[in-house]
Undergrad: 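Dropping a structure here in structure tokens format, bear with me for questions.
Counting convention: from 1, in listed order, for ligands and their atoms alike. Any value given below was found using the heavy atoms of this structure, including those in side chains, with hydrogens, waters and symmetry copies removed.
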Amino acid sequence: MEVGFLGLGIMGKAMSMNLLKNGFKVTVWNRTLSKCDELVEHGASVCESPAEVIKKCKYTIAMLSDPCAALSICEGKGYIDMSTVDAETSLKINEAITGKGGRFVEGPVSGSKKPAEDGQLIILAAGDKALFEESIPAFDVLGKRSFYLGQVGNGAKMKLIVNMIMGSMMNAFSEGLVLADKSGLSSDTLLDILDLGAMTNPMFKGKGPSMNKSSYPPAFPLKHQQKDMRLALALGDENAVSMPVAAAANEAFKKARSLGLGDLDFSAVIEAVKFSRE
Ligand code: NAP
């Protein structure tokens, strides 16, 4: 199967590499073209514009930063946008694609850099059912499970809800780690205790030790997590759902961005918690 891939950031690079390793023919494009070099070394072809990729490939996957970036590119015959955007953006992309006779699936993913490298993402797809079915060989390489959620917008909404919960959890976790430390307790011992109980989860387990060392190598950039909180809160507005926990978490992510932490991992939000206590 031949696929085009637009956007080689943290996720796009890992995902396109995975497709290559699994025998797909991959043609890549990235705004900063030099980021294509590593993929080319592993057998990818490169094009100088999204339009060139789309002309060449029956199926094109996009993995771009935000609604603005996703909207700036959308075109194609069989177009699968896996970026995290809001439902409104996804509907606009759908309109742009189908208006030119193409087919569209939105397929945002749950899972970060490591699951992307290991082909263990969770794909939250919606849109053209036939295109979804044709995309399953690629989705099976990229993810451990693919959900088909119906009409365009449903994948985007589900993804935002998942990330809203994650962002709120990360804030409660950060507050707990800082509170343990300020109370004279070991935040490493807190991690051990959490890990033995009902709240154990891969996120606390994976991020906790490095957070206790104030180390935040970006797997999921904080600026993207804040974008997702913002979009999830807008979904809450639309549906008149009161979300004070998520709203407070969003403020902490905004604070962290204002401290210049946007390109670090979203776990760096703990620095905003520390800052507010100083
Ligand atoms: P990233 O490392 O920041 O990469 C962003 C990509 O978007 C880069 O390829 C960047 O190109 C491109 N881009 C940004 N603005 C653009 C524009 N105006 N026109 C064209 N291309 C543009 O982000 P990421 O972590 O891979 O995330 C990508 C998407 O997946 C986001 O929607 C994010 O919310 C979502 N996501 C991320 C994770 C994660 O854990 N990282 C997990 C699930 C979902 P340049 O290289 O030229 O800057």
Undergrad: Relative to the heavy atoms of G111, which atoms of ligand 1 are at a distance of less than 4.0 Å?
TA: 42 (C), 43 (C)

Undergrad: Taking the six-membered ring of F253 as reference, does the cationic atom of R257 (NZ for Lys, CZ for Arg) lie under 6.0 Å from its centre and within 45° of its axis?
TA: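 No, R257 and F253 do not form such a contact.
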
Undergrad: Please confirm whether G9 comes within less than 3.5 Å of ligand 1 when only nitrogen or oxygen atoms on both sides are compared.
TA: yes

Undergrad: Compute the shortest N/O to N/O distance between S112 and ligand 1 and return yes if it is under 3.5 Å, no if not.
TA: yes

Undergrad: Under 4.0 Å from a heavy atom of V109: which atoms of ligand 1 are those, numbered in the order shown and with their elements?
TA: 43 (C), 44 (C)

Undergrad: Return a yes/no value for L8: is any of its N or O atoms, backbone included, closer than 3.5 angstrom to an N or O of ligand 1?
TA: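 Between L8 and ligand 1 (N or O atoms, distance only) the closest approach is under 3.5 Å.
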
Undergrad: Once you restrict to heavy atoms under 4.0 Å, what part of A70 touches ligand 1? Side chain, backbone, both or neither.
TA: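 No part of A70 comes within reach of ligand 1.
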
Undergrad: Does one hydrophobic cluster hold both V141 and I123, with members joined at side-chain heavy-atom distances below 4.5 Å?
TA: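 Yes: a chain of side-chain contacts under 4.5 Å links V141 to I123.
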
Undergrad: Would you say S187 and N212 are linked by a side-chain donor-acceptor pair, where the criterion is simply a distance under 3.5 Å?
TA: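 Note: N212 and S187 side chains meet the donor-acceptor criterion.
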
Undergrad: Could you check atom 47 (O) of ligand 1 against the protein and tell me its nearest heavy-atom contact, residue, atom and distance included?
TA: T32 OG1, 2.5 Å

Undergrad: Can you find an N or O of D66 that's nearer than 3.5 Å to an N or O of ligand 1?
TA: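 No, D66 has no N/O under 3.5 Å of an N/O on ligand 1.
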
Undergrad: Would one find more than 12 heavy atoms of other residues, nucleotides or ligands at under 6.0 Å from atom CE of M203?
TA: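 Counting neighbours around CE of M203, more than 12 heavy atoms of other residues, nucleotides or ligands fall under 6.0 Å, so yes.
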
Undergrad: Any idea which atoms of ligand 1 are less than 4.0 Å away from a heavy-atom of P221?
TA: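 Listed by number with element: 25 (O), 41 (N).
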
Undergrad: Would you check the N or O atoms of N30, main chain and side chain alike, for any that come under 3.5 Å of an N or O of ligand 1?
TA: yes

Undergrad: With rounding to the nearest 0.5 angstrom, report the OG to CG distance, S210 to D265.
TA: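 Here the rounded value is 7.5 Å.
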
Undergrad: Quick one: does L64 get an N or O within less than 3.5 Å of an N or O on ligand 1?
TA: yes

Undergrad: Ignoring hydrogens and angles, state whether a donor on the side chain of D86 or T89 is under 3.5 Å from an acceptor on the partner side chain.
TA: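 T89 and D86 do have a side-chain donor-acceptor pair below 3.5 Å.
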
Undergrad: Considering only protein heavy atoms, which is closest to atom 35 (C) of ligand 1, and at what distance to one decimal place?
TA: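 Ranked first by proximity to atom 35 (C) of ligand 1 is T84 OG1, 3.4 Å.
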
Undergrad: Got an N/O contact under 3.5 Å between K35 and ligand 1?
TA: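 Yes.
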
Undergrad: Same hydrophobic cluster for M211 and L185, using side-chain heavy-atom links shorter than 4.5 Å among ILVMFWY?
TA: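 No, because M211 and L185 fall into different hydrophobic clusters, even though each may have its own neighbours under 4.5 Å.
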
Undergrad: Is NZ or CZ of K129 both nearer than 6.0 Å to the six-membered ring centre of Y148 and within 45° of the ring axis?
TA: yes

Undergrad: Among all protein heavy atoms in this structure, tell me which lies nearest to atom 26 (O) of ligand 1, with the distance rounded to 0.1 Å.
TA: M11 N, 2.8 Å

Undergrad: Between ligand 1 and I73, is the shortest N or O to N or O distance under 3.5 Å?
TA: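 Min N/O separation from ligand 1 is not below 3.5 Å for I73.
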
Undergrad: Verify the neighbour count for atom CD of E134: are there more than 12 heavy atoms of other residues, nucleotides or ligands below 6.0 Å?
TA: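 Above 12, so yes.
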
Undergrad: Evaluate I10 for polar contact with ligand 1, using N/O atom pairs at a separation under 3.5 Å.
TA: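 Checking ligand 1 against I10, an N or O pair does fall under 3.5 Å apart.
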
Undergrad: Does the side chain of Q226 pick up a donor-acceptor pair with the side chain of N250 at under 3.5 Å?
TA: yes

Undergrad: If the cut-off is 4.0 Å to any non-hydrogen atom of K159, which atoms of ligand 1 fall inside it?
TA: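 In order of number, 43 (C).
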
Undergrad: Are L20 and M82 grouped together when hydrophobic residues (ILVMFWY) are joined by side-chain heavy atoms under 4.5 angstrom apart?
TA: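 Both belong to a single hydrophobic cluster.
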
Undergrad: Report yes or no: does A116 have a heavy atom closer than 4.0 Å to ligand 1?
TA: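 Not so, A116 does not reach ligand 1.
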
Undergrad: Distance to 0.1 Å, residue and atom name: give those for the protein heavy atom nearest to atom 5 (C) of ligand 1.
TA: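 Answer, as residue, atom name and distance: S65 CB, 3.8 Å.
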
Undergrad: Look at atom 30 (O) of ligand 1 and find which of H224, M15, M63, R31 reaches it with the closest heavy atom.
TA: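 Checking each option, the heavy atom nearest atom 30 (O) of ligand 1 is found in M63.
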
Undergrad: Is it the side chain (CB and beyond), the backbone, both or neither of K227 that lies under 4.0 Å from ligand 1, heavy atoms counted?
TA: side chain

Undergrad: At a 4.0 Å threshold, what atoms of ligand 1 neighbour a non-hydrogen atom of G7?
TA: 9 (O)

Undergrad: Sequence neighbours excluded and cut-off under 3.5 Å, please list the side-chain donor-acceptor pairs for residues 73-81, or say none.
TA:
unit_1, atom_1, unit_2, atom_2, d
K77, NZ, I54, O, 3.1
K77, NZ, K55, O, 2.9
D81, OD1, S83, N, 2.9
D81, OD1, S83, OG, 2.5

Undergrad: Take D37 and S34 through the test side-chain hydrogen bond (donor to acceptor under 3.5 Å, both in side chains) and record every step on the way to the result.
TA: CA-CA 6 Å; D37 295 351; S34 58; 5.6 Å; no

Undergrad: Taking atom CD of Q151 as the centre, does the number of heavy atoms from other residues, nucleotides or ligands within less than 6.0 Å exceed 12?
TA: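 For Q151, atom CD is not crowded (no more than 12 foreign heavy atoms under 6.0 Å).
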
Undergrad: Go through ligand 1 atom by atom and flag the ones less than 4.0 Å from a non-hydrogen atom of A219.
TA: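 Heavy-atom distances to A219 below 4.0 Å select 39 (C), 40 (O), 41 (N).
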
